[in-house]
Asks: 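Structure incoming, see below.
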Amino acid sequence: MSPDRLYPEEASGPFLEPPVEFTDKEGRAIEIRVYEERYGESLTAMYAEFDPADRAQGIPPSGESRVESWLDVILGEGYDVVALDDDRVVGHATLVPDGDEGMELAIFVFQTHQGSGIGSRLIRALLGYGASQGVEYVWLTVERWNSPAVALYESVGFESSSVESFELEMSVRLAQTESTG
Amino acid sequence: MKVLLGIGGTDDSLDALSWAAERSSTTDDDLTVAILENPGSDRPPEEIEAEVETALTDHGLDAEIRHVEGDPGGSLVDLADGEGFEQIVIGGGERSPMGKIQVGRIAEFVVLNARTTVTLVRT
């Protein structure tokens, strides 16, 4: 449906790869790790309790069974990182292949942990992890009025690539890191 | 009710077709189908028309099919507002690989400009 996507000429990064540990603005010890199956239950629980007002363009879906089927799809392919507070998932960022050359990004921070600097660390960790796996082209869509989200994306190098509909489309090109594996 | 379905050939517009045909077959709705020129769709007009005819036949409907030329959003709004339609039905957006709903340009234009009530179909 969409035409070939545009990406910035200049590459962004490098970004710090997970694991990343830090203290958030509320003084909580937060750890960002690559997603593993053992976090699945906690991740599902986070989305099942997600504030409906914090949904974006229909995701996360409502209801635990819809959350489970949605997670089955996005965790099955691509790259995922989670933010953990005492082993409980409080944030999740994901890259899902678009079937073309790029990956679509989404990031969610649980309502109890928003505004404490986690999103900014989480998206950097995801981009660092993605770049280490050879990901170069990343894009996303965001509601135009969501200026805090747009500012977060711009802070890691995303630029507007299309303003043709309700949603703003943004993209970033990741600097390629030396392969470690 | 006098209902105008706008279909440009994207997957969500085909979902809207099924929804509108199903509804018309169980109500007194008077359905008209407008085939639009959507540059964002890969389906040729003949294929869209075949889909429309199949859906109408499947639901035992004898709806009028109109081919609308020019800007798809503008033409659809013009037709609906100008000919006394009471409802416009269009696709409710495509889903990204992530599952995000993306409402297209035609839908946005129609929602913002139509005086007629608009239904965006979600499946």
Side-chain angles (χ1 to χ4, degrees), chain A residues 1-5 47 54-62 66-80 92-108 126 135 137-144 146 149 161-171, chain B residues 6-19 35-45 47-48 51 70-77 88-114 117-123:
Chain A
M1 177 179 155
S2 48
D4 291 338
R5 222 162 246 116
Y47 281 126
D54 288 337
R55 282 192 204 129
Q57 295 158 259
I59 61 167
S62 53
R66 284 204 190 88
V67 165
E68 280 171 0
S69 359
W70 172 63
L71 285 175
D72 274 350
V73 173
I74 65 167
L75 295 173
E77 42 182 357
Y79 304 104
D80 296 88
H92 172 218
T94 178
L95 292 171
V96 175
D98 65 8
D100 204 353
E101 88 269 58
M103 309 279 286
E104 183 185 4
L105 180 146
I107 175 169
F108 291 97
L126 178 69
V135 174
Y137 299 104
V138 178
W139 59 273
L140 57 84
T141 60
V142 56
E143 283 110 331
R144 281 182 215 157
N146 193 348
S161 50
S162 167
V163 289
E164 287 184 349
S165 67
F166 277 132
E167 309 82 21
L168 175 65
E169 185 179 294
M170 305 180 81
S171 65
Chain B
I7 177 168
T10 52
D11 290 345
D12 65 322
S13 74
L14 295 182
D15 290 339
L17 167 67
S18 310
W19 186 87
I35 298 180
L36 312 170
E37 293 176 338
N38 180 1
S41 158
D42 295 331
R43 287 188 176 87
E47 193 183 327
I48 302 171
E51 293 277 359
D71 178 75
S75 313
L76 189 67
V77 167
I88 297 173
V89 177
I90 49 177
E94 303 272 282
R95 284 199 183 261
S96 73
M98 182 72 62
K100 280 189 174 177
I101 292 168
Q102 297 174 305
V103 175
R105 293 180 74 174
I106 300 175
E108 176 173 4
F109 183 90
V110 171
V111 167
L112 293 177
N113 289 283
T117 298
V118 182
T119 297
L120 300 184
V121 176
R122 292 274 153 79
T123 52

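Residue numbers start from 1 in every chain, and the chains themselves are labelled A, B, ... in the order their sequence lines are given, proteins ahead of strands. Side-chain atoms are counted along with the backbone in the values below, which use heavy atoms only and exclude waters and symmetry mates.
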Asks: What pair of heavy atoms forms the shortest contact from B:Pro97 to A:Pro97, and how long is it?
Replies: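 Answer, listing the atom of B:Pro97 first, then A:Pro97: CB-O, 3.7 Å.
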Asks: For B:Arg95 versus A:Gly58, what's the shortest heavy-atom pair and its separation?
Replies: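 Shortest heavy-atom separation between B:Arg95 and A:Gly58 comes out as NH1-O, 4.4 Å.
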Asks: If you look only at distance, which donor and acceptor atoms sit under 3.5 Å apart when one is on a side chain in residues 68-77 of chain A and the other is two or more places apart or in another chain?
Replies:
{"residue": "A:Ser69", "atom": "OG", "partner": "A:Ser65", "partner atom": "O", "Å": "2.8"}
{"residue": "A:Trp70", "atom": "NE1", "partner": "B:Met98", "partner atom": "O", "Å": "2.9"}

Asks: Just to verify, what does A:Asp98 make a salt bridge (Lys or Arg N to Asp or Glu O under 4.0 Å) with, not counting sequence neighbours?
Replies: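 Applying salt bridge (Lys or Arg N to Asp or Glu O under 4.0 Å) to A:Asp98 gives A:Arg5.
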Asks: Taking all non-hydrogen atoms of both residues into account, name the closest pair between A:Ile59 and B:Lys100 and its distance.
Replies: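 Closest approach of A:Ile59 to B:Lys100, heavy atoms only: CD1-CG, 3.5 Å.
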Asks: A:Leu140 versus chain B, heavy atoms under 4.5 Å apart: side chain, backbone, both or neither?
Replies: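 No part of A:Leu140 comes within 4.5 Å of chain B.
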Asks: Tell me, yes or no, whether the heavy-atom count around A:Arg55 atom CZ, taken from other residues, nucleotides or ligands under 6.0 Å, exceeds 12.
Replies: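 Count over threshold, so yes.
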